[in-house]
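The basis for the numbers below is simple: all heavy atoms, side chains too, and nothing from hydrogens, waters or symmetry mates.
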Amino acid sequence: MSAGVNAAVEAAVSAFEKGRTVDPNTRAGWLEAIAAGLEQDASGLVETAVRETHLGTPRLEGELKRTVFQLRLLADEIRRGEHFDATIDHDDPAWGMGPRPDLRRYNVPLGVVGVFGASNFPFAFSVMGGDSASALAAGCSVVHKAHDAHRELAARTAQVVTDALEAAGAPSGLFSMVTGRQAGEALVDHPLVKAIGFTGSTAGGRALLNRIAARPEPIPFFGELGGINAVFVAPGAWSARRAEIIKGYAGSFTLGMGQFCTKPGLLFVPAGDTEALRNQLGEALAGFSPARLLSDRLHAGYTDAVTTLRDSGGVEVLLEGDFAEHPAPTLLRTTAEEIRKNPGLLRQEMFGPASLVVEYQDQAELPELAALLEGQLTTTLQAEEDDDVSELASRLADLSGRVLWNGWPTGVTVSYAQHHGGPYPATTSNTTSVGTAAIRRFLRPVAYQSFPAARLPEPLQDSNPWRLPQRVDGVWRHPAPDASGDGAGTGVQQ
């Protein structure tokens, strides 16, 4: 066991025990302090990120803004208290199945959460990205394993976070960071770690999943492993909006040099004039300016993935790219017939500016082709109102976490209804890693039966001192807004 990891985890346990029962307003203040700290050091953070990641200043400034917004949104969410799911059943001697005891249930934080950062979003999915922010919001403590691709930025961000938490009065050790592969393995193995959050490759995520399953005490693993994000174009839409669809597709699969987990890696279109399709795609990409990929390791993986798919039987090059330091986009083509022979063609992720176009003969083929896909983060329908895609839409909902209508999957807003997840291998759970619902990953329910009123946690007390939503004897009660702002309102809204 790494001494550094052990010290970080033990400090995190101590911090968790001290902070687990603080009121929502105090915890929200900790998140807001982190947000303010990131804003204050924005120029230095972005400068460091530009140097380490090859991403441009505008992109990184926008990503940091998203990270700060997410922290404040989660702070507002935990103040509302809905994540506690506080439920009170008073004793009822006349209950339908026999006398019911006093039962009260609410959600409590898991404990210490280990978080593995991603390389492609050095702010939004890294040190204080969605996993770390939602775990802290849930009431957990966090030990973050920095991504090797941006160690300097990770260290600077972690220092901002720890300084902000200290200034806000949070327990020491509530957030810390470790580095290196051995530290990551030790973090996963540590018996006091109660959950792991991960964003990265399918191979890396699967290795962690297997390691967690081998622990004497397996723990929850919330892994986002990416996906192919298939787009299906119905004949009516292809006929009505072909040029628009091609332009949108070209912009989406090359956005951020194709290094988004929601990049559309597959485009199903009606068969027709392949040469015309090649020309239109070439025109749509004419103004594209290539850039370096995030790291040499990712560049090598991209080269291998594209080469493997390109050299597969039944695949041809639609637009020839390259593997230069600033790689030009590559587009490959195959047919529905070839896909039926080799469904594995649909499962080769190319993390970079490349995608595969699949031509089909009849719209009736699409549900069958969709059934050959693995789990997806997103799937997209490009269709007109009179296109009969109801069966296909149902199939896509079965295999993906987010289904889009006449849009493009790149761009994942942080909001209440957002779901960023999907069946394996998109993720390893049925939860979301983006949006306010992400908090609930790091909670578990506990029921108290026949406890004395004075010994009940605040969310389960009849007096409701924290002014939380409570479901009392089957009826939801929401505290009335408190004009004074001190949380001491007395009314309820049902």
Return all side-chain donor-acceptor pairs below 3.5 angstrom for residues 433-446, not counting sequence neighbours, or 'none' if the list is empty.
{"from": "Arg440", "atom 1": "NH2", "to": "Glu82", "atom 2": "O", "distance (Å)": "2.8"}
{"from": "Arg441", "atom 1": "NE", "to": "Thr432", "atom 2": "O", "distance (Å)": "3.3"}
{"from": "Arg441", "atom 1": "NE", "to": "Ala438", "atom 2": "O", "distance (Å)": "3.0"}
{"from": "Arg441", "atom 1": "NH1", "to": "Asp131", "atom 2": "OD1", "distance (Å)": "2.8"}
{"from": "Arg441", "atom 1": "NH2", "to": "Asp131", "atom 2": "OD1", "distance (Å)": "3.0"}
{"from": "Arg441", "atom 1": "NH2", "to": "Ser134", "atom 2": "OG", "distance (Å)": "2.8"}

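In this structure, Tyr302 and Phe323 have perpendicular ring planes: the angle between them is above 60°, well past the 30° mark. Taking the six-membered ring where tryptophan is involved, the planes of Tyr249 and Phe253 are tilted, since the angle between them lies from 30° to 60°.
Atom CD of Gln182 has 12 or fewer neighbouring heavy atoms from other residues, nucleotides or ligands inside a 6.0 Å radius. The environment of CG in Asp296 is sparse: at most 12 heavy-atom neighbours from other residues, nucleotides or ligands sit within 6.0 Å. For Glu17, the CD atom counts as densely surrounded, since its 6.0 Å shell holds more than 12 non-hydrogen atoms of other residues, nucleotides or ligands. Heavy-atom contacts from other residues, nucleotides or ligands closer than 6.0 Å to CZ of Arg297 number 12 or fewer.
Atom NE2 in His83 sits 6.0 Å away from atom CD1 in Ile78 (nearest 0.5 Å). Rounding to the nearest 0.5 Å gives a distance of 6.5 Å between CH2 of Trp408 and CD1 of Ile245. To the nearest 0.5 Å, the span separating CG on Leu73 from OG on Ser415 amounts to 7.0 Å. The NZ atom of Lys18 sits 7.0 Å away from the OG atom of Ser172 when rounded to the nearest 0.5 Å. Separating the OG atom in Ser119 from the CG atom in Leu298 is a distance of 4.5 Å, to the nearest 0.5 Å. Note that the CE atom of Met177 and the CE atom of Met128 stand 11.5 Å from one another [nearest 0.5 Å].
Checked for salt-bridge contact, Glu217 and Lys194 meet the test: a charged N lies under 4.0 Å from a carboxylate O. Ion pairing of Arg80 with Glu77 is present here, as a side-chain N (NZ or NE/NH1/NH2) and a carboxylate O approach within less than 4.0 Å. With respect to Arg215 and Asp189, no salt bridge is recorded, no charged nitrogen being found less than 4.0 Å from a carboxylate O. A salt bridge between Asp462 and Arg104 is present, with a side-chain N of the basic residue lying under 4.0 Å from a carboxylate O of the acidic one. With respect to the salt-bridge test (charged N to carboxylate O, under 4.0 angstrom), the residues Glu63 and Arg59 qualify. Salt-bridge formation is detected for the pair Arg100/Asp473: a Lys NZ or Arg NE/NH1/NH2 atom is positioned less than 4.0 Å from an Asp or Glu carboxylate oxygen. Using a 4.0 Å cut-off between charged nitrogen and carboxylate oxygen, Glu39 and Arg72 count as a salt-bridge pair.
A donor-acceptor distance shorter than 3.5 angstrom exists from the side chain of Asn120 to the backbone of Gln259, with no hydrogens or angles considered. In terms of modelled atom types and a separation under 3.5 Å, the side chain of His150 and the main chain of Arg51 share no donor-acceptor contact. Within the 3.5 Å criterion, the main-chain N or O of Trp466 finds no donor-acceptor partner in the side chain of Glu458. In this structure, the side chain of Thr427 does not engage the main chain of Gly421 through any donor-acceptor pair within 3.5 Å. Put simply, the side chain of His54 gets close to the backbone of Leu293: a donor and an acceptor are under 3.5 Å apart. A side-chain donor-acceptor contact under 3.5 Å links Gln376 to the backbone of Glu374. At distances below 3.5 Å, not a single donor-acceptor pair connects side-chain atoms of Gln470 with backbone N or O atoms of Trp476. The backbone N or O of Gly407 lies less than 3.5 Å from a partner atom in the side chain of Gln382, making a donor-acceptor pair. In this structure, the side chain of Thr26 does not engage the main chain of Val22 through any donor-acceptor pair within 3.5 Å.
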Step-by-step side-chain hydrogen bond (donor to acceptor under 3.5 Å, both in side chains) determination, Thr431 to Ser429: CA-CA 6 Å; Thr431 59; Ser429 70; 2.7 Å; yes
Derivation of the salt bridge (charged side-chain N to carboxylate O under 4.0 Å, His left out) call for Glu52 and Arg151: CA-CA 8 Å; Glu52 277 195 297; Arg151 285 196 179 194; over 6 Å; no
Salt bridge (charged side-chain N to carboxylate O under 4.0 Å, His left out) evaluation trace for Arg156 with Glu152: CA-CA 6 Å; Arg156 182 165 187 151; Glu152 185 181 348; over 6 Å; no
Test log, rule side-chain contact (heavy atoms from CB on, under 4.5 Å), inputs Val193 and Val113: CA-CA 6 Å; Val193 171; Val113 176; over 6 Å; no
Worked verdict on Glu61 versus Lys65 for salt bridge (charged side-chain N to carboxylate O under 4.0 Å, His left out): CA-CA 6 Å; Glu61 287 177 340; Lys65 181 179 179 181; over 6 Å; no
Intermediate values then yes/no, side-chain contact (heavy atoms from CB on, under 4.5 Å), Val414 and Phe69: CA-CA 8 Å; Val414 180; Phe69 172 83; 4.3 Å; yes
side-chain contact (heavy atoms from CB on, under 4.5 Å) evaluation trace for Glu32 with Leu71: CA-CA 7 Å; Glu32 289 169 338; Leu71 285 161; over 6 Å; no
Evaluation steps, side-chain contact (heavy atoms from CB on, under 4.5 Å), between Phe123 and Leu38: CA-CA 10 Å; Phe123 290 120; Leu38 294 174; over 6 Å; no
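A 4.5 Å side-chain heavy-atom check between Val46 and Leu64 finds at least one atom pair inside the cut-off. Met350 places a side-chain heavy atom less than 4.5 Å from the side chain of Lys263. Within the 4.5 Å cutoff, the side chain of His144 has heavy atoms near those of the Ser126 side chain. In this structure the side chain of Val188 reaches within 4.5 angstrom of the side chain of Phe116, judged on heavy atoms. Between Leu373 and Leu266, the closest side-chain pair of non-hydrogen atoms falls below 4.5 Å. By the 4.5 Å heavy-atom criterion applied to side chains, Thr413 and Gln418 are counted as neighbours. The closest side-chain heavy-atom distance from Leu31 to Leu136 is below 4.5 Å. Side-chain contact between Met257 and Phe288 is present, with heavy atoms from C-beta onward closer than 4.5 Å.
When every heavy atom of Cys140 is checked against every heavy atom of Leu174, the shortest pair comes out as O-CD1, 4.0 Å. In terms of heavy atoms, Pro122 sits closest to Thr53 at CG-CG2, 3.9 Å.
With 3.5 Å as the limit, one finds no donor-acceptor pair spanning the side chains of Asp102 and Ser450. At a cut-off of 3.5 Å, with distance as the only test, a side-chain donor of Ser252 or Thr410 sits close to an acceptor on the other residue. With hydrogens and angles left out, the side-chain atoms of Asn6 and His190 include a donor and acceptor closer than 3.5 Å.
A cation-pi contact, defined as under 6.0 Å to the ring centre and within 45° of the axis, is absent between Arg211 and Phe221.
When the options Thr378, Thr262, Thr379 are evaluated for a side-chain hydrogen bond (donor to acceptor under 3.5 Å, both in side chains) with Asn229, the one that passes is Thr378.
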